[in-house]
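Structure first, commentary second.
Any value given below was found using the heavy atoms of this structure, including those in side chains, with hydrogens, waters and symmetry copies removed.
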Amino acid sequence: MTVDAIKTVAVLGAGTMGNGIAHVFARSGYTVILRDVEPRFLDRGLETIDKNLDREIKKGKLAEADRATVLARLQPVTDMKAIAAADFVVEAVPEKLEIKRAVLQEADGILRPDAILASNTSSIAITTLAALTRRPDRFVGMHFMNPVPVMVLVEVIRALQTSDATFDTTLRLAEKLGKKPVAVNDAPGFVSNRVLMPLINEAAYAVLEGVATVEAVDAVMKMGMNHPMGPLELADFIGLDVCVDILHVLQDGLGDPKYRACPLLKKYVAAGWLGRKSGRGFYSYSQEKP
Ligand SMILES: NC(=O)c1ccc[n+]([C@@H]2O[C@H](COP(=O)([O-])OP(=O)(O)OC[C@H]3O[C@@H](n4cnc5c(N)ncnc54)[C@H](O)[C@@H]3O)[C@@H](O)[C@H]2O)c1
C-alpha cells in the first residue's frame, strides 16, 4: 500500500484518542470510518470533534465553510464489517491486551489483504500485537499524542515484523496529516514513555521524600528546564493510574528495578486520586468546570 493509494481510513474506538485521530484524518481530506461498540460512544466522539473544529475555526486554522465538508467525511459505525472499505486502520481501543486482541483479529479478518493495520497503544509491544494478526508485515505502531489535533508528534513504531514498505507508508501518512513522525523501534514504552515516566516517577519520589512541595517540583522544571508543564501537572493530565500501568510495563519489559512505581503514585491511585479525570491527583480540580 503506497501512501497515495490511501483514501479511506478506519479508526477503531471513538474515545479520547480515537476521536482526535478521526478529526485529523478528516481534516486532511480522508474519508474516515469511525467505529465504536455503541452509538452513544460515537455520538460523544462526534460531539468532541465538532467542539474541537469550532476551536480551530476560532483560532483561524480552519475556514467555517470547511466545517461541513470535514464532518461529512466521517462515517460513524458500530458494525465492524463496515471497515472493509478501509485502506489504513488505526486501532485506539482501551489499553487491555484482551480487548486489543479481539478487535485486531476481527478487523484483520475483514480488511483487504493489502490494508495496513496500525495500533495507537501507549505501551503494549507492537511486535506482540503484530503476531496476533495474519498481516504482521503490514502492522505498525502509530502513537499519536493527546490532544491529537494539537500535538505534532507521531511516534511511528516498527515491530520486528513490519516491512520497509509499511513503515515508509506510515511515516509519509503522518506527514500528510501535518504531523512530524519520528521513527522508533519496538521496545517497552517506546521513546516517549521510556523517558517521560521515569521523570514523573522521580518527581513523585522528590515529593514523597519531602525534598520539595508539588508546586515547587513543577516550578523548578517549568522555569529551570523550560518545560511547558511540570511533571506532576502532566501526570495528573495523563492519569496517575495510566502512569503506574506504564511503569509496570517498563519494569516487567526491561527487568530493571529503576522503573519501580513510586509508592506515592500507587497510594494516590488506591485512593482514587487519578488526576484531572477524578478531580484530584497531585492537584485539586474540584473548583474547575468540567
Ligand atoms: N489518552 C491518552 O493520553 C493516550 C495517549 C496516547 C495513546 N493512548 C492509547 O490510545 C488507546 C485508546 O486510549 P483512549 O485514552 O482513547 O481510551 P478511551 O477509553 O478514551 O477510548 C477507548 C474507546 O474504545 C471503545 N471501544 C471499546 N471496545 C471497543 C471495540 N471492541 N471496538 C471499538 N471500540 C471499542 C470505547 O467504547 C471507547 O470509546 C489506548 O491504547 C491508549 O494506551 C492514549
Side-chain angles (χ1 to χ4, degrees), residues 12-13 16-17 21 88-101 103-105 108 116-146 148 151-175 177 179-205 227 231 234-235 237-262 265-266:
L12 308 178
T16 308
M17 297 305 286
I21 296 166
F88 192 98
V89 179
V90 184
E91 168 275 308
V93 301
E95 189 76 344
K96 296 269 180 281
L97 182 58
E98 284 323 304
I99 297 179
K100 292 208 188 281
R101 180 200 304 273
V103 167
L104 291 172
Q105 289 182 339
D108 186 35
I116 294 175
L117 197 39
S119 176
N120 183 54
T121 178
S122 309
S123 60
I124 300 174
I126 303 299
T127 301
T128 303
L129 296 178
L132 298 174
T133 71
R134 291 176 300 179
R135 63 184 75 227
D137 57 317
R138 280 145 292 147
F139 199 98
V140 67
M142 199 174 192
H143 188 205
F144 289 86
M145 304 293 128
N146 184 23
V148 182
M151 302 295 281
V152 292
L153 173 70
V154 180
E155 235 180 346
V156 179
I157 303 126
R158 184 178 202 134
L160 191 60
Q161 310 95 317
T162 308
S163 70
D164 289 348
T166 297
F167 199 60
D168 188 58
T169 294
T170 310
L171 289 166
R172 284 164 188 269
L173 185 62
E175 281 169 357
L177 298 176
K179 303 292 185 195
K180 300 277 184 211
V182 175
V184 169
N185 287 319
D186 190 24
F190 317 130
V191 169
S192 47
N193 285 319
R194 171 92 171 248
V195 175
L196 175 64
M197 287 303 152
L199 172 69
I200 287 175
N201 210 33
E202 206 55 36
Y205 271 115
H227 289 197
L234 181 55
F237 183 77
I238 294 168
L240 303 189
D241 52 336
V242 175
C243 294
V244 169
D245 285 349
I246 297 174
L247 284 160
H248 286 153
V249 168
L250 291 172
Q251 194 179 358
D252 290 349
L254 298 163
D256 191 325
K258 77 178 175 185
Y259 299 106
R260 182 175 73 101
C262 173
L265 274 177
K266 294 209 279 195

- Note on the structure: To the nearest 0.5 Å, atom NE2 of His227 lies from atom CG of Leu199 at 6.5 Å
- Donor-acceptor contact present, side-chain Glu155 to main-chain Ile157, <3.5 Å: no
- Message: Check whether Glu91 reaches the backbone of Leu104 with its side chain - one donor and one acceptor, N or O, closer than 3.5 Å.
- Response: no
- Message: Using side-chain heavy atoms (C-beta onward) and a distance below 4.5 Å, is Asn120 in contact with His143?
- Response: yes
- Query: Any side-chain heavy atom of Leu117 within less than 4.5 Å of one from Arg138?
  - Reply: no
- Query: Between Tyr259 and Asn201, is any pair of side-chain heavy atoms under 4.5 Å apart?
  - Reply: no
- Quick one: pull up OG in Ser163 and CD in Gln161 and give me the separation to the nearest 0.5 Å. 11.0 Å
- Query: Hey, does Pro181 have a side-chain heavy atom less than 4.5 Å from the side chain of Thr170?
  - Reply: no
- Message: Would Glu95 and Thr121 count as a side chain to side chain contact (heavy atoms under 4.5 Å, CB included) here? Give the steps.
- Response: CA-CA 7 Å; Glu95 189 76 344; Thr121 178; 2.8 Å; yes
- Query: Are the side chains of Arg194 and Val184 in touch, meaning some heavy atoms are under 4.5 Å apart?
  - Reply: no
- Query: If you measure from CG on Leu234 to CD1 on Ile200, what distance do you get to the nearest 0.5 Å?
  - Reply: 4.5 Å
- Would you check if the side chain of Arg101 reaches a backbone N or O of Leu132 as a donor-acceptor pair within less than 3.5 Å? no
- Message: Tell me if a side-chain donor or acceptor on Thr166 pairs with a main-chain N or O of Phe139 at a distance below 3.5 Å.
- Response: no
- Task: Could you tell me which non-hydrogen atom of Ala159 sits nearest to which non-hydrogen atom of Ala130, and how far apart they are?
- Result: CB-CB, 4.3 Å
- Message: Apply salt bridge (charged side-chain N to carboxylate O under 4.0 Å, His left out) to residues Arg158 and Asp168 and explain how you reach the verdict.
- Response: CA-CA 10 Å; Arg158 184 178 202 134; Asp168 188 58; over 6 Å; no
- Task: Give, for atom NZ of Lys180 and atom CD of Glu175, the distance between the pair rounded to the nearest 0.5 Å.
- Result: 7.5 Å
List the atom pairs, with distances to 0.1 Å, where a side-chain N or O of residues 238-247 and a protein N or O form a donor-acceptor pair under 3.5 Å, not counting sequence neighbours.
residue, atom, partner, partner atom, Å
Asp241, OD1, Lys277, NZ, 2.9
Asp241, OD2, Lys277, NZ, 3.2

- Query: Between the main-chain N or O of Thr127 and the side-chain N or O of Asp186, is there a donor-acceptor pair closer than 3.5 Å?
  - Reply: yes
- Message: Restricting to side-chain contact (heavy atoms from CB on, under 4.5 Å), what partner residues turn up for Leu153, sequence neighbours left out?
- Response: Met145, Val182
- Query: Are side-chain heavy atoms of Ile126 and Leu160 found at a separation under 4.5 Å?
  - Reply: no
- Task: Heavy atoms only: give me the nearest Phe190-Ser122 pair and the separation to one decimal.
- Result: CE1-O, 3.5 Å
- Closest non-hydrogen atoms of Val93 and Lys100, given as atom of the first, atom of the second and distance, are O-NZ, 2.9 Å
- Between Lys266 and His248, the two heavy atoms sitting closest are CD-NE2, 4.4 Å
- Task: Provide the closest heavy-atom pair for Pro257 versus Gly255 in the form atom of the first, atom of the second, distance.
- Result: CD-O, 3.9 Å
